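All remarks here apply to the structure that follows.
Being a predicted model, the structure only gives us computed values, none of them experimental. Residue numbers start from 1 in every chain, and the chains themselves are labelled A, B, ... in the order their sequence lines are given, proteins ahead of strands. All values below were derived from every heavy atom in this structure, side-chain atoms included, with hydrogens, water molecules and symmetry-related copies excluded.
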Number of protein chains: 2
Amino acid sequence: MDNQEIRKAGLKVTLPRVKILELLEASVPRHVSAEDVYKMLLEKGEEIGLATVYRVLTQFEAAGLVTRHNFEEGHAVFELDRGEHHDHIVCVLCGKVEEFMDATIEERQKEIAAEHGFEMEDHSLIIYGRCNKPSCPGRE
Amino acid sequence: MDNQEIRKAGLKVTLPRVKILELLEASVPRHVSAEDVYKMLLEKGEEIGLATVYRVLTQFEAAGLVTRHNFEEGHAVFELDRGEHHDHIVCVLCGKVEEFMDATIEERQKEIAAEHGFEMEDHSLIIYGRCNKPSCPGRE
DNA sequence: CTCGTAATGCAAAAGATTCCCATCTCTCTT
DNA sequence: AAGAGAGATGGGAATCTTTTGCATTACGAG
Ligand SMILES: [Mn+2]
Ligand SMILES: [Mn+2]
Ligand SMILES: [Zn+2]
Ligand SMILES: [Zn+2]
């Protein structure tokens, strides 16, 4: 259960941490901002401060439980880490986010980093475009 | 000269715009924040407000004169658009930025977007790693 | 050169995230 | 089970970046 994950990260098992982790595990959509988490918790009747949400998410990120993304929205979004890396496609019209993983690209990135004398530590690949969802505004 | 670029963008040729464009053309390093631009202008004795710097950079971006990047530093950085797209490798230790362009990756991105029913509009690929510069802290 | 509109500077406002600190609460020990 | 101590929390203040409002100024068409 969650408690072990938290404990394993060297963090005390506190109510805010458990609730936030639970929420991320059940979260739809998968990619949420700190503010989103804060509001969702409020709606569930949990009295957890926004500062705590930010702190916990940052700690979870450091512990590898959560991944932080900087899409071009002015604020970070977080998602539960499911072990397997992936990148994102974001609809610039409706905000819809899809995920993908491409071995070819992953491979080339490592090579490129090496060619430039860098030891790759991480990378961020975000494709922006217009989706074809009928519900998407902007499809005319 | 710069004036034509600015005029072509449908903007009045004003002193702030000319000075900012000049600065970006001569800028070392190539990737600078709004605050960087503001301070560099101050040092040159130009009395240009920070709000104007933000406004002009945003207008230049809309006009395609400048490109904005969101590296993970908490603030955007801008660079003069040189016509040819490229991506970035950023050293997480010293902040050094290198540029690259990989046809294979570019190609795959378009395909992936299409496979997901998206019309690609733009994309952002940033590799984070540790560089091998002798001046880089953290190389032990 | 004159006028009207767009642009600018400054200060205030916003939005996101972090920091402070007095007050709680886990967890480890008795 | 109770106590102590380190660590965590909440709420507000503080920071930082970026945007906005507005009175004033400067382009540039005529
Ligand atoms: Mn994801
Ligand atoms: Mn560049
Ligand atoms: Zn859409
Ligand atoms: Zn470096």
With sequence neighbours excluded, what pairs up with [X] under the side chain to side chain contact (heavy atoms under 4.5 Å, CB included) test?
X: T58(B); value: R68(B)
X: E121(A); value: V92(B), R130(B)
X: Y38(A); value: E35(A), L42(A), L50(A), V53(A)
X: A114(B); value: none

Seminar exercise, completed: Expected string for nucleotides 22-30 of chain C under the B/S/- scheme (protein heavy atoms, under 4.0 Å, primed atoms plus P, OP1, OP2 as sugar-phosphate) is ---BBS---

For this session: Applying side-chain hydrogen bond (donor to acceptor under 3.5 Å, both in side chains) between R17(A) and each of E22(A), E5(A), Q59(A), report the one that passes.
Result: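 The passing option is Q59(A).
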
For this session: Quickly, which of E99(B), E25(B), E98(B) forms a salt bridge (charged side-chain N to carboxylate O under 4.0 Å, His left out) with R30(B)? Name it, please.
Result: E99(B)

Exercise. Listed in order of residue number, which residues of residues 30-46 of chain A have a non-hydrogen atom at under 4.0 Å from DNA chain D?
Worked result: none

Exercise. Apart from V28(B) itself, what residues make up its hydrophobic cluster when side-chain heavy atoms of I, L, V, M, F, W and Y under 4.5 Å apart count as a link, directly or indirectly?
Worked result: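 Same cluster as V28(B): nobody, lone residue.
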
Exercise. When you measure from every atom of DNA chain C, which of residues 47-65 of chain A have a heavy atom less than 4.0 Å away?
Worked result: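 Contacts with DNA chain C under 4.0 Å: L50(A), A51(A), Y54(A), R55(A).
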
For this session: Please report the closest heavy-atom contact between C94(A) and C131(A), naming both atoms and the distance.
Result: SG-SG, 3.7 Å

For this session: Using the side chain to side chain contact (heavy atoms under 4.5 Å, CB included) rule, pick out the option among V97(B), I127(B), V77(B) that qualifies with V90(B).
Result: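 In the set V97(B), I127(B), V77(B), the residue that makes a side chain to side chain contact (heavy atoms under 4.5 Å, CB included) with V90(B) is V97(B).
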
Exercise. Do the ring planes of H88(B) and H31(B) sit parallel (below 30°), tilted (30 to 60°) or perpendicular (above 60°)?
Worked result: perpendicular

For this session: Report yes if the side chains of V56(A) and L21(A) come closer than 4.5 Å at any heavy-atom pair, otherwise no.
Result: no

Exercise. Does any non-hydrogen side-chain atom of D36(B) lie less than 4.5 Å from one of F78(B)?
Worked result: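 No, too far: nothing below the 4.5 Å cut-off.
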
Problem set entry | For E46(B), side chain to side chain donor-acceptor pair (under 3.5 Å) partners two or more places apart | none

Exercise. Below 6.0 angstrom between ring centroids: does that apply to H69(B) and F71(B)?
Worked result: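 Here the rings of F71(B) and H69(B) have centres that are less than 6.0 Å from each other.
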
Seminar exercise, completed: Bend of the helix from dC1(C)-dG30(D) to dT30(C)-dA1(D) from end-axis comparison, five pairs per end, nearest 10°, comes to 30°

Problem set entry | First and last nucleotide of DNA chain D, 5' to 3', lying under 4.0 Å from heavy atoms of chain A | dA6(D) to dG12(D)

Problem set entry | Within residues 71-81 of chain B or reaching into it, pairs that qualify as salt bridge (charged side-chain N to carboxylate O under 4.0 Å, His left out) - sequence neighbours excluded | E79(B)-R82(B)

